[in-house]
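Worksheet: one structure, shown below.
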Amino acid sequence: MKVLITGISGFVGSHLAEYLLQEHEVVGTIRQRSRLDHIKHIKDIQLVECELRDPFSVEALIANVKPDRIFHLAAQSFVPTSWNSPVDTIYNNAASQINILEAVRRIKPDCKIQIACSSEEYGHVEPHEVPIKETNPLRPLSPYAVSKVTQEFLGYQYFKSYGLHTVITRTFNHTGPRRGENFVSSNFSKQIADIEKGKQPPVLYVGNLQAKRDFTDVRDVVRAYWLALEKGVPGETYNIASGSCITIEELLQRLLALSSVKIEVKVDPARLRPSDVEILLGDYRKFHETTGWRPEIPLDQTLKDLLNYWRSFP
């Protein structure tokens with residue numbers, strides 16, 4: 001089977017490529033400025049330079065590859081960046097999605113497409129609404145979240161209008177080795193590793209520690225993405241989550257417990273957002289009942305692997 005992964009050089013894309021190469025041919029999109037650190041160790045993947053915002057480039061990609069499966073992971077995915085560049089975030093994520101759907105519609109309509117969306121779409125969640133089901137109202141609180149709602153609705157529209165086999169996954173927080181240092185679990189881990197190496201004074205800077213988040217290991221997530229296209233119902237939306245949540249403060253304490261260095265914690269006002277989602281706790285029963293998937297890797301193992309990833313750098 002020929003599989004196309006957009007954003008293959010990213011955090012999730014690299015893990016998905018490793019997972020799928022066991023049995024399938026994998027093609028991935030990169031851009032001219034893409035960093036290839038995450039995939040330089042992976043053999044047998046075909047990389048194609050493609051600007052996903054350019055419809056002609058995307059059409060050529062789909063025509064040449066003719067994929068059986070597409071995992072659309074490429075996006076501007078960092079919430080704080082979306083506050084600074086709201087138009088770019090929404091345009092980038094929506095235009096790329098439209099170009100892929102249009103090209104598939106014209107060239108390979110039997111291709112199955114997974115659209116990687118986000119729990120950030122839920123936004124403001126009332127206390128009585130947790131754990132969050134797929135039927136919960138979407139109240140996005142960031143330009144990034146709005147862009148993901150747009151991607152999701154485009155996927156649904158192309159399913160209803162043209163019969164494309166689109167499956168939407170709303171993934172809650174996920175982490176593990178290779179997670180970008182801008183994301184909270186990875187940022188804490190990198191700071192701890194840098195303090196241990198003497199590259200940073202023994203002070204760890206944080207933002208809002210009271211937010212509650214549902215964390216899943218990236219290696220469980222990519223397994224879920226594959227099952228979403230193998231067993232998921234086209235046009236449907238599924239939560240990918242662990243079904244439990246902790247505060248960011250507890251996440252930090254678990255990471256600090258893995259280090260023997262004494263570290264002071266300080267709040268950095270620059271790390272606080274204009275508005276923050278108070279709690280994201282996912283209910284993944286719908287996906288479990290459809291595919292049999294459940295998370296397998298404990299959070300403590302995930303955090304240990306993530307910290308060791310940052311410790312591996314000189």
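Everything numeric in this text was worked out from a predicted model, so none of it was measured.
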SB check R219 D305 (cutoff 4.0 Å): yes

Heavy-atom pair of closest approach, residues G176 and V218: CA-CG1, 4.3 Å

Same apolar cluster: V27 and I70, side chain cutoff 4.5 Å: yes

Members besides V146 in its Ile/Leu/Val/Met/Phe/Trp/Tyr cluster (side-chain heavy atoms under 4.5 Å): I90

Check: I168 and E236 side chains under 4.5 Å, non-hydrogen atoms: no

Salt bridge flag under 4.0 Å for residues R294 and D220: no

Candidate pair I240 and Y284, rule side-chain contact (heavy atoms from CB on, under 4.5 Å), full reasoning: CA-CA 6 Å; I240 309 298; Y284 70 90; over 6 Å; no

Note, T29 side chain near I8 side chain (heavy atom, < 4.5 Å): no

Value rounded to 0.5 Å, distance of CD1 in I30 from CG in L47: 5.0 Å

Heavy atoms from other residues, nucleotides or ligands near NZ of K2 exceed 12 (cutoff 6.0 Å): yes

Value rounded to 0.5 Å, distance of CG in L164 from CZ in R105: 8.0 Å

Residue pair L280, I132: steps toward the side-chain contact (heavy atoms from CB on, under 4.5 Å) verdict: CA-CA 7 Å; L280 286 173; I132 304 165; 4.0 Å; yes

Qualifying residues under ring pair (Phe, Tyr, Trp, His ring centres under 6.0 Å), relative to F188, sequence neighbours excluded: none

Heavy-atom check, side chain of W83 versus side chain of T89, under 4.5 Å: no

Other ILVMFWY residues reachable from F56 by side-chain steps of under 4.5 Å: none

Side-chain (D217) to main-chain (P298) donor-acceptor, under 3.5 angstrom: no

Donor-acceptor contact present, side-chain R69 to main-chain V3, <3.5 Å: no

4.5 Å side-chain heavy-atom contact, V26 and D44: no

Salt bridge (charged side-chain N to carboxylate O under 4.0 Å, His left out) partners of residues 200-212, not counting sequence neighbours, each pair once: none

Polar side-chain atom of H288 near backbone of W293 as donor-acceptor pair, under 3.5 Å: yes

Residue pair T216 / H174, side-chain donor-acceptor N/O under 3.5 Å: no

Check ion pair D283-K133 (N to O, under 4.0 angstrom): yes

Expected output: side-chain N187 to main-chain N182 donor-acceptor under 3.5 Å: no

Donor-acceptor pair between Q114 and T169 side chains, under 3.5 angstrom: yes

Least distance between heavy atoms, K199 atom then P314 atom: NZ-O, 3.3 Å

For L272 against G207, the heavy-atom pair lying closest together: CD2-C, 3.6 Å

Minimum heavy-atom distance A17-I45, with the two atoms named: CB-CG2, 4.4 Å

S118 backbone acceptor or donor facing E121 side chain under 3.5 Å: yes

4.5 Å side-chain heavy-atom contact, F183 and S77: yes

Test item: R53 side-chain N/O and N93 main-chain N/O as donor-acceptor pair under 3.5 Å: no

Test log, rule side chain to side chain donor-acceptor pair (under 3.5 Å), inputs E49 and Q32: CA-CA 7 Å; E49 193 171 309; Q32 194 170 29; 4.8 Å; no

Under 4.5 Å side-chain linkage, directly or through intermediates, the cluster mates of Y309: L306, W310, F313

Heavy-atom check, side chain of E249 versus side chain of Q210, under 4.5 Å: yes

Sub-4.5 Å side-chain heavy-atom contact between Y225 and L73: yes

Summary of salt bridge (charged side-chain N to carboxylate O under 4.0 Å, His left out) pairs that have at least one residue in residues 143-168, sequence neighbours excluded: E152-R170

S85 (side chain) donor-acceptor with D88 (main chain) under 3.5 angstrom: no

Distance in Å, I246 CD1 paired with L252 CG, rounded so as to fall on 0.5 Å steps: 10.0 Å

H38 vs S9, side chain to side chain donor-acceptor pair (under 3.5 Å): CA-CA, chis, key distance, verdict: CA-CA 6 Å; H38 293 339; S9 62; over 6 Å; no

Polar side-chain atom of D214 near backbone of G282 as donor-acceptor pair, under 3.5 Å: yes

Residue pair Y122 / E129, side-chain donor-acceptor N/O under 3.5 Å: no

Atom pairs and distances, side-chain donor-acceptor, residues 258-266, under 3.5 Å, sequence neighbours left out:
residue: S259; atom: OG; partner: E196; partner atom: OE2; Å: 2.7
residue: S259; atom: OG; partner: V261; partner atom: N; Å: 3.3

For Q22, side chain to side chain contact (heavy atoms under 4.5 Å, CB included) partners two or more places apart: Y19

Stepwise side chain to side chain donor-acceptor pair (under 3.5 Å) test for Y162 and Q157: CA-CA 8 Å; Y162 305 112; Q157 183 248 307; 4.8 Å; no

Considering all heavy atoms, the nearest S244-S242 contact: O-OG, 3.0 Å

Between CD1 on residue I113 and OG1 on residue T6, distance to nearest 0.5 Å: 10.5 Å

Listed partners of E18 passing side chain to side chain contact (heavy atoms under 4.5 Å, CB included), at least two apart: H15, H41, I42, R178

Worked check of side-chain contact (heavy atoms from CB on, under 4.5 Å) between F71 and L229: CA-CA 9 Å; F71 294 89; L229 289 191; 3.8 Å; yes

Contacts of type ring pair (Phe, Tyr, Trp, His ring centres under 6.0 Å), residue Y144, not counting sequence neighbours: none

S57 side chain to D54 backbone, donor-acceptor under 3.5 Å: no

Atom pair CG/OG of L251 and S189 - distance to nearest 0.5 Å: 7.5 Å

Intermediate values then yes/no, side-chain contact (heavy atoms from CB on, under 4.5 Å), Y158 and V104: CA-CA 10 Å; Y158 273 73; V104 170; over 6 Å; no

By ring pair (Phe, Tyr, Trp, His ring centres under 6.0 Å) - contacts of W226 (at least two apart): H24

Listed partners of D300 passing side chain to side chain donor-acceptor pair (under 3.5 Å), at least two apart: R254

Student check: side-chain heavy atoms of T171 and V221 closer than 4.5 Å: yes

Sidechain-backbone polar pair: Q191 side chain, Y205 backbone, donor-acceptor under 3.5 Å: yes

